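Here is the structure we will look at, set down as structure tokens.
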Amino acid sequence: MKPDRRSLPPFDRYLALGDSLSIDLYPARATHAAGVLAEPAELTPGLGAATLLYRNDDALWPEFATLDLVTANPDIAFRNQHAFDHPTGHPTDHLATDGATTVGVLAYQLHRVPPSEERLLVTVTAGRNDVFQMMGAPAPPATLVDGMLARAERLVRTVRERLPNAVLLLTTAPDPSDGLGQLDDNTPFEREAGWLAAYNSGLAGLVGAAASSHVLLADAAAHFAGHGLAVPAGDRWYWEGRITEPNARGASELRRVWVEALAGPG
């Protein structure tokens with residue numbers, strides 16, 4: 001196999017904002033024999049999408065051995081005060097939190113980031129939990145997706161104002177149902193999948209409207225399509241303990257989407 005000649009652009013610091021798509025918790029549980037019963041102290045860190053983007057696990061994912069931020073930028077900062085599912089202290093550059101919504105990412109995570117002239121890479125995963133919180137709701141707000149997109153637009157605007165030299169990767173939200181209309185026999189998902197699709201389309205529109213090399217789309221939804229409930233359990237990119245969360249392969253594939261958004265496809 002020919003060596004991979006791609007490399008990532010230069011950055012001074014990496015900042016991870018978002019929800020459980022970015023964190024270590026579910027990939028760590030997916031690789032542990034005890035799964036959901038494993039104690040946090042027993043879990044292996046470093047397997048989530050954000051931490052893999054910063055520093056690859058070369059033994060587990062050798063194809064990405066030179067395609068991480070620290071290889072391209074040996075002096076890059078990434079203050080990783082994070083314990084699998086949430087930050088444990090501040091300041092930290094890994095602010096992604098299990099269960100975070102677009103409200104939380106904008107109001108609690110980005111709010112903690114001070115202005116900076118640094119060349120930052122900012123990855124954002126948000127939107128899925130806004131939808132998951134409405135699963136089965138008899139009277140969901142008519143403005144659900146519009147509100148999500150309004151907060152995403154405000155996030156883009158705030159990053160551009162507060163971090164003018166940052167590159168922002170907006171990540172679309174995958175649909176674990178693969179369009180089948182349900183997550184299990186008792187959980188319809190057709191309406192919710194439609195919300196996710198509308199949100200993702202809106203994110204693409206935001207990036208297009210920005211028309212800037214500083215705001216990029218990371219289309220995880222397109223990449224993950226066909227790797228959820230449409231395929232056998234062993235081929236999925238989602239954790240068998242909870243179909244909405246990424247397993248170790250899913251975390252690596254999200255990292256692949258980010259790498260390709262930055263460095264181009266292999």
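Everything numeric in this text was worked out from a predicted model, so none of it was measured.
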Discussion item. Looking only at the aromatic ring of each residue, does the gap between the centers of Tyr14 and Tyr54 stay below 6.0 angstrom?
Written reply: no
Worksheet item: Crowded around Arg112 CZ? As in, over 12 foreign heavy atoms under 6.0 Å?
Response: no
Worksheet item: Nearest 0.5 Å, what's the CG-OG1 distance between Leu15 and Thr123?
Response: 7.5 Å
Worksheet item: Does a side-chain heavy-atom distance below 4.5 Å link His32 with Thr44?
Response: no
Worksheet item: So, the side chain of Asn247 versus the backbone of Tyr238: is there a donor-acceptor pair under 3.5 Å, distance only?
Response: yes
Response to the item:
Output for pair (Asn165 CG, Arg119 CZ), nearest 0.5 Å, gives 9.0 Å
Worksheet item: Any chance CD of Glu240 has more than 12 other-residue heavy atoms, nucleotides or ligands included, within less than 6.0 Å?
Response: no
Worksheet item: How far apart are the closest heavy atoms of Ser252 and Phe64, and which atoms are they?
Response: OG-CE1, 4.0 Å
Fill in: Closest non-hydrogen atom pair, Ala152 against Leu203
CB-CD2, 3.8 Å
Worksheet, complete the sentence: Heavy-atom nearest pair, Leu67 first then Glu63, reads CD1-O, 4.5 Å
Worksheet item: Considering all heavy atoms of both residues, which atom of Val231 and which atom of Arg236 are nearest to each other, and what is their separation?
Response: O-NE, 2.9 Å
Discussion item. Do Asp19 and Val105 have side chains that approach each other closer than 4.5 Å (heavy atoms only, starting at C-beta)?
Written reply: no
Worksheet item: Are Leu254 and Leu53 connected, step by step, through hydrophobic side chains (Ile, Leu, Val, Met, Phe, Trp, Tyr) whose heavy atoms are closer than 4.5 Å?
Response: yes
Discussion item. So does Glu118 get a backbone contact from the side chain of Arg13, meaning a donor-acceptor N/O pair under 3.5 Å?
Written reply: no
Discussion item. I'd like to check His94 versus Pro87 (side-chain heavy atoms, cut-off strictly below 4.5 Å). Are they in contact?
Written reply: no
Discussion item. Rounded to the nearest 0.5 Å, what separates atom CZ in Arg79 from atom CG in Asp93?
Written reply: 4.0 Å
Discussion item. I'd like to know if the side chain of Asp58 pairs up with that of Asn56 as donor and acceptor (distance under 3.5 Å, no hydrogens or angles considered).
Written reply: yes
Fill in: Geometric class of the Phe189/Phe132 ring pair [parallel <30°, tilted 30-60°, perpendicular >60°]
tilted
Worksheet item: Just by distance, do the side chain of His227 and the backbone of Gly250 share a donor-acceptor pair under 3.5 Å?
Response: no
Discussion item. Measuring only between side-chain heavy atoms, which start at C-beta, is Tyr26 closer than 4.5 Å to Thr244?
Written reply: no
Practice prompt. Using distance alone, with no hydrogens and no angle criterion, decide if Asp184 and Thr187 have a side-chain donor and acceptor under 3.5 Å apart.
Written response: yes
Practice prompt. Applying side chain to side chain contact (heavy atoms under 4.5 Å, CB included) between Leu217 and each of Leu206, Leu168, Val207, Val257, report the one that passes.
Written response: Val207
Worksheet item: Should Trp237 and Leu25 be regarded as members of a common hydrophobic cluster, given that ILVMFWY residues are connected when their side-chain heavy atoms come within less than 4.5 Å of each other, either directly or indirectly?
Response: no
Fill in: Within 6.0 angstrom of Glu190 CD, more than 12 heavy atoms from elsewhere
no
Worksheet item: Okay, side chain of Thr92, backbone of Gly89: is any donor-acceptor separation there less than 3.5 Å?
Response: no
Worksheet item: So do the side chains of Leu121 and Leu8 get within less than 4.5 Å of each other, counting heavy atoms only?
Response: no
Discussion item. Hydrophobic cluster membership, with links at side-chain heavy-atom distances under 4.5 Å among I/L/V/M/F/W/Y: are Val70 and Leu169 in one?
Written reply: yes
Worksheet item: Going from CD1 on Ile76 to CG on Asp12, what distance comes out if it is rounded to the nearest 0.5 angstrom?
Response: 8.0 Å
Worksheet item: How about Leu60 and Leu52: do any of their side-chain heavy atoms sit closer than 4.5 Å?
Response: no
Worksheet entry | Derivation of the side chain to side chain contact (heavy atoms under 4.5 Å, CB included) call for Asp130 and Gln133 | CA-CA 6 Å; Asp130 301 65; Gln133 288 181 356; 5.9 Å; no
Discussion item. For Ser20 and Arg128, which I'm curious about, is there any donor-acceptor pair between the side chains at under 3.5 Å?
Written reply: yes
Fill in: Minimum-distance pair of heavy atoms, taken over all atoms of Leu183 and Ser177
CD2-CB, 3.9 Å
Practice prompt. Applying side-chain hydrogen bond (donor to acceptor under 3.5 Å, both in side chains), run through Thr66 and Thr71 and close with a yes or a no.
Written response: CA-CA 6 Å; Thr66 61; Thr71 298; over 6 Å; no
Discussion item. Nearest 0.5 angstrom please: Leu155 CG to Thr102 OG1, how far?
Written reply: 9.5 Å
Worksheet entry | Where Asn73 and Pro10 come nearest, the two heavy atoms and their spacing | OD1-CA, 2.7 Å
Discussion item. Could you tell me if the side chain of Met148 sits less than 4.5 Å from the side chain of Val131, heavy atoms only?
Written reply: yes
Worksheet item: Are Trp195 and Leu144 close enough that some pair of their side-chain heavy atoms sits under 4.5 Å apart?
Response: yes
Worksheet item: Quick one: do the Asn129 and Thr101 side chains pair a donor with an acceptor below 3.5 Å?
Response: no
Worksheet item: In terms of heavy-atom contacts, does CZ of Arg157 have more than 12 from other residues, nucleotides or ligands at under 6.0 Å?
Response: yes
Discussion item. Please check: side-chain N/O of Arg55 versus main-chain N/O of Asp68, any donor-acceptor pairing under 3.5 Å?
Written reply: no
Worksheet entry | ILVMFWY network linking Leu95 to Phe84, side-chain heavy atoms under 4.5 angstrom | no
Discussion item. I'd like to know if the side chain of Thr172 reaches the main chain of Ala221, judged simply by a donor and an acceptor atom lying under 3.5 Å from each other, with no hydrogens or angles considered.
Written reply: yes
Worksheet entry | Under 3.5 Å donor-acceptor, His214 side chain and Ala166 backbone | yes
Worksheet item: Between Ile23 and Val113, is there a shared hydrophobic cluster once you connect ILVMFWY residues whose side-chain heavy atoms come closer than 4.5 Å?
Response: no
